[in-house]
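Below is one structure, written out as structure tokens; the observations come after it.
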Amino acid sequence: MYYMRITDYADELLSALDELPGWPERVKTMQANWIGKSHGVTFGFPYELDGEPKQLRVFTTRADTIMGVTFCAVAAEHPLATRLAQDNPALADFIDECKRGSVMEADLATMDKKGMATGFHVRHPLNGEQVEVWVGNYVLMSYGEGAVMGVPAHDERDFAFAKKYGLPIQQVVEADGKTFSLDAWQDWYADKDNVRCVNSGKYDGLDYAAAVDAIAADLEALGVGGKEVTWRLRDWGISRQRYWGTPIPIIHCPDCGAVPVPDEQLPVVLPEDLVPDGSGNPLAKTPSFVNCECPRCGQPARRETDTMDTFVDSSWYFIRYACADNTDAMADARVNYWLPVDQYIGGIEHAILHLLYSRFWTKVMRDTGLVDFGEPFKRLLTQGMVLNHIFYRRSDKTGIQYFAPDEVELAHDETGRITRVTAKADGQEVHYDGIGTMSKSKRNGVDPQSLIETYGADTARFFIIFTSPPEQTLEWSEAGVKGSFRFLQRFWAFTVEHAAAIQQESAARSGQYADYQYAADFRHSHPAHAALRLETHTHLQQATFDLERQQFNTVASAAMKMLNALQAAGDFPAGPARQTLHESMSILLRVLAPITPHVAHVLWQELGYAGDILDADWPTLDEEALVRDSITLAVQVNGKLRAQIEVAADADRASIEQSALNAPNAQRFIDGKTIRKVIVVPGKLVNIVC
RNA sequence: GCCGGAGUGGCGGAAUGGCAGACGCGCUGGACUCAAAAUCCAGUUCAGGCAACUGAGUGUGGGUUCAAGUCCCACCUCCGGCACCA
């Protein structure tokens with residue numbers, strides 16, 4: 001039987017984040033914070049109780065301040081607190097109060113630092129002094145050792161605590177030019193940089209790192225402590241006391257203990273006829289489910305009634321997709337072929353739990369030999385929410401009344417700014433409440449079905465992709481949707497108009513479409529269309545670059561630019577010009593295909609290209625199309641744009657400099673000054689410094 | 001409080017240190033129309049100018065650079081996450 005603890009994987013879950021370049025930094029940071037690796041020192045304060053020598057263990061990241069300890073504080077749930085409360089009713093009451101208080105979430109943020117002295121003392125391991133133990137409501141049992149050393153001079157929380165209860169405050173760290181005062185907390189008291197130990201005996205003068213090293217070594221020599229790493233991440237217990245979950249296939253036998261359900265009895269299926277009564281786990285009250293025989297010795301036994309946390313299933317469902325028909329194993333060889341997932345898409349709300357559990361689970365499957373990869377998702381995209389405008393009217397009778405965006409009329413001033421909103425129904429004014437998440441109550445949602453019926457799925461897809469990057473929130477806009485619709489209509493009309501001509505042309509060439517498309521020799525094409533090819537391939541270059549870096553809105557705009565260029569190019573008479581059109585169309589269609597697959601599919605066939613567009617390759621960039629005879633350079637004088645010059649593409653530096661200096665408008669700003677330097681950025685600009 | 005991210009026209013947003021505002025929406029003017037819608041053409045950062053052009057301009061203040069929306073430092077605001085983490 002395996003025991004797999006997520007905390008055992010904390011180190012790898014943290015360090016492997018560096019090997020996930022396809023994940024957003026934001027998510028990786030959130031996971032790193034959640035795992036919360038902390039380097040410090042764990043050590044014990046020796047004491048004797050009930051005739052036995054013991055240690056009060058504490059964790060600290062500031063071992064360098066150890067000589068400033070003036071008290072210790074333990075959590076209410078700490079065993080020492082429990083033991084001391086046996087002889088101290090007041091303390092027992094206080095502990096009860098703490099335990100009650102900590103449940104109240106609302107109070108947690110504002111809760112006062114409260115504590116109570118126990119009258120019990122432990123011994124400082126390095127200077128032998130007696131240190132009183134307090135119970136503090138701000139000490140967490142679940143982090144570190146559930147106990148802390150109190151150094152009020154150099155920890156803001158301890159400072160407040162000491163001031164409140166009149167505990168001694170001992171400065172043990174100093175910084176140049178700073179004065180320590182007991183009056184009020186100052187931020188530098190807790191600095192680790194540019195400080196040194198003071199009032200710390202043999203450690204005086206050491207900086208943070210040296211002091212921690214020396215103190216950790218001394219504690220180790222005394223056998224009471226040493227350096228340690230502590231994690232914020234807690235263990236993940238996967239069992240839940242409820243019906244609705246995956247059964248845990250274990251049988252409890254009085255003699256054999258926990259016995260796995262044999263393979264031939266799997267899967268364990270939940271009973272479907274039980275009636276939950278709202279108290280406890282209904283499975284435990286269902287004898288037909290609970291009562292069974294021990295698979296090992298055959299005597300009556302009890303089936304496990306806890307079920308698994310739903311995060312278990314979501315941690316590896318994607319692995320199962322690759323081997324869904326395998327009834328004998330969790331995974332088989334096909335999984336290693338299909339996974340890890342190339343591109344995972346989900347909401348940001350899964351940034352920590354689901355995505356961390358999945359990473360853990362995958363590593364467990366790797367270590368048990370089930371799969372041979374350790375990270376489940378190569379690339380992650382966390383998409384944003386969809387927002388829309390909110391309009392409402394407040395009235396005494398009906399209260400607040402929301403208006404859907406298509407129920408109002410907007411008036412603008414001459415700059416396009418919204419000046420007045422009125423209801424279409426009654427012409428009366430409506431209040432505009434800005435942009436917010438779509439919700440039924442605010443009546444600003446959009447029904448995808450009616451959108452698809454009005455404009456088609458491709459328009460919706462194009463609008464969503466074009467309007468904003470997917471990981472950002474998307475502001476819905478009816479006008480924007482119409483704009484996308486307009487583009488697709490323009491694209492459709494243009495294509496259909498030229499399809500007939502292209503088909504004729506093709507017929508004349510015995511239907512050799514595929515060859516026509518890919519093997520065209522454009523060196524002899526119409527000179528007027530070299531400009532179109534230049535544009536098409538320039539936009540293709542941008543689209544390819546943006547697709548690579550997952551910036552899809554500019555892929556959509558590249559497609560728009562291609563259509564604009566095609567429409568501006570004018571006529572396409574038969575012959576080489578038609579060939580240029582044919583190539584540009586094939587590129588445009590393939591760039592659009594991922595965004596508007598339906599439109600692209602139909603038009604691809606309309607134009608008679610070979611095969612299905614789904615199988616067509618992403619267009620290849622023709623470097624030759626990007627070659628131009630002359631180029632336009634910007635001319636700057638002292639970094640300010642002053643002129644444009646046209647130079648031969650292969651012009652040398654000297655002649656570029658000369659034309660720049662001769663540019664009339666540049667002349668005006670150079671005149672009478674000494675030219676100190678001329679910077680030429682090939683293909684871009686010339687900067688004249690004077 | 002700590003850790004991220006962001007701040008660019010009226011709006012959504014482009015810009016691989018090298019011409020800020022691509023592309024689109026909206027708006028303005030025009031064409032077509034009996035008229036409207038649709039479509040097409042032109043204009044649209046702000047200020048000045050008939051124009052050529054000039055000045056200012058990417059949250060604020062500094063810095064690096066021939067050149068900064070982009071890099072560095074400090075600050076402000078907003079969004080998200082974590083939050084008594086020792």
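Numbers restart at 1 for each chain; the letters A, B, ... are given by sequence-line order, proteins then strands. Here the structure is a predicted model, which is why all the values come from computation and not from measurement. Note that these values count all heavy atoms, side chains included, but never hydrogens, waters or copies made by symmetry.
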Using nucleotides 66-73 of chain B, report all nitrogen or oxygen pairs with the protein that are shorter than 3.5 Å.
from: B:C66; atom 1: O2'; to: A:Asn687; atom 2: ND2; distance (Å): 3.2
from: B:C66; atom 1: O2; to: A:Asn687; atom 2: ND2; distance (Å): 2.8

Please list, for nucleotides 38-41 of chain B, all pairs of protein and nucleotide N/O atoms separated by less than 3.5 Å.
none

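Using modelled atom types and a 3.5 Å distance limit, the side chains of A:Gln551 and A:Thr554 yield a donor-acceptor pair. Side chain to side chain, A:Asn194 and A:Tyr208 fail the donor-acceptor criterion of an N or O pair below 3.5 Å.
RNA chain B lies under 4.0 Å from at least one heavy atom of each of the following residues of residues 538-549 of chain A: A:Phe545, A:Arg549.
Among the heavy atoms of the strands lying under 4.0 Å from A:Gln472 are primed sugar atoms or P, OP1, OP2 only; no base atom is included. Across all strands shown, A:Gln551 has heavy atoms under 4.0 Å from sugar-phosphate atoms exclusively, and none from any base. Counting any heavy atom pair closer than 4.0 Å across all strands shown, A:Asn564 reaches sugar-phosphate atoms only and no base atom.
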Between side-chain atoms of residues 140-150 of chain A and protein atoms elsewhere (two or more places apart, or another chain), which donor-acceptor pairs fall under 3.5 Å?
from: A:Ser142; atom 1: OG; to: A:Arg234; atom 2: NH2; distance (Å): 3.4

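By the ring-ring contact (aromatic ring centres under 6.0 Å, His included) test, A:Tyr189 pairs with A:Phe180, A:Trp185, sequence neighbours left out. A search for ring-ring contact (aromatic ring centres under 6.0 Å, His included) contacts involving A:Tyr203 returns nothing, not counting sequence neighbours. Applying the side chain to side chain donor-acceptor pair (under 3.5 Å) rule to A:Lys114 yields the partners A:Glu97; only residues at least two apart in sequence or on another chain are considered. Remark: A:Arg676 engages no residue in a side chain to side chain donor-acceptor pair (under 3.5 Å) (not counting sequence neighbours). The side chain to side chain donor-acceptor pair (under 3.5 Å) test applied to A:Thr42 returns A:Glu228, not counting sequence neighbours.
When all heavy atoms of A:Ile35 and A:Leu356 are compared, the closest pair comes out as CD1-CD1, 4.1 Å.
Side-chain proximity of A:Thr29 to B:A14, B:G24, B:G4: nearest is B:G4. Closest to the side chain of A:Asn137, from the set B:C84, B:A14, B:G24, is B:C84. Taking only side-chain atoms of A:Thr61, from C-beta outward, the nucleotide of B:C25, B:G13, B:A86 with the closest atom is B:A86. Residue A:Pro469 places its side chain closer to B:G13 than to any other of B:G13, B:C85, B:G81.
Under a cut-off of 6.0 angstrom, the local environment of CD in A:Glu646 is crowded, with over 12 non-hydrogen atoms contributed by other residues, nucleotides or ligands. Other residues, nucleotides and ligands place no more than 12 heavy atoms under 6.0 Å from the NZ atom of A:Lys684.
Ion pairing between A:Asp406 and A:Lys424 fails under the 4.0 Å rule for side-chain N and carboxylate O.
By the 30° and 60° cut-offs, the orientation of the rings of A:Phe494 relative to A:His498 is tilted. Classification of the A:His389-A:Phe391 ring pair by plane angle, with boundaries at 30° and 60°, yields parallel.
In this model, the phosphate group of B:A83 is approached by a side-chain N or O of A:Arg232 to a distance below 4.0 Å at OP1 or OP2. Neither OP1 nor OP2 of B:C2 sits under 4.0 Å from any side-chain N or O of A:Asn33.
Checked against a 6.0 Å centroid threshold, the rings of A:Phe462 and A:Phe485 do not count as neighbours.
Toward the 5' end of RNA chain B, the nearer of the two residues A:Ser468 and A:Val139, judged by each one's closest nucleotide, is A:Ser468. Each of A:Ser557 and A:Val27 was matched to the nucleotide of RNA chain B holding its nearest heavy atom; the match closer to the 5' end belongs to A:Val27.
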Given the rule that a pair is Watson-Crick or G-U wobble with both distances under 3.5 Å, how would you write RNA chain B in dot-bracket, using | for pairs to a different strand? (((((((..(((.....[....)))((((((.......))))))((((....))))..(((((..]....))))))))))))....

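One interatomic measurement links the two molecules: CD1 of A:Ile595 to C1' of B:G24, which rounds to 14 Å at whole-angstrom precision.
In this structure, A:Arg232 forms a cation-pi arrangement with A:Trp34, its terminal cationic atom sitting closer than 6.0 Å to the ring centre and no more than 45° off the ring axis.
Residue pairs satisfying the side-chain hydrogen bond (donor to acceptor under 3.5 Å, both in side chains) criterion with at least one member in residues 474-488 of chain A, sequence neighbours excluded, are listed as follows: A:Tyr455-A:Glu478.
With its glycosidic angle more than 90° from 0, B:G26 adopts the anti conformation.
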How does protein reach along nucleotides 51-57 of chain B, written 5' to 3' as B (base within reach of a heavy atom under 4.0 Å), S (only sugar-phosphate), or - (no contact)? --SSSS-

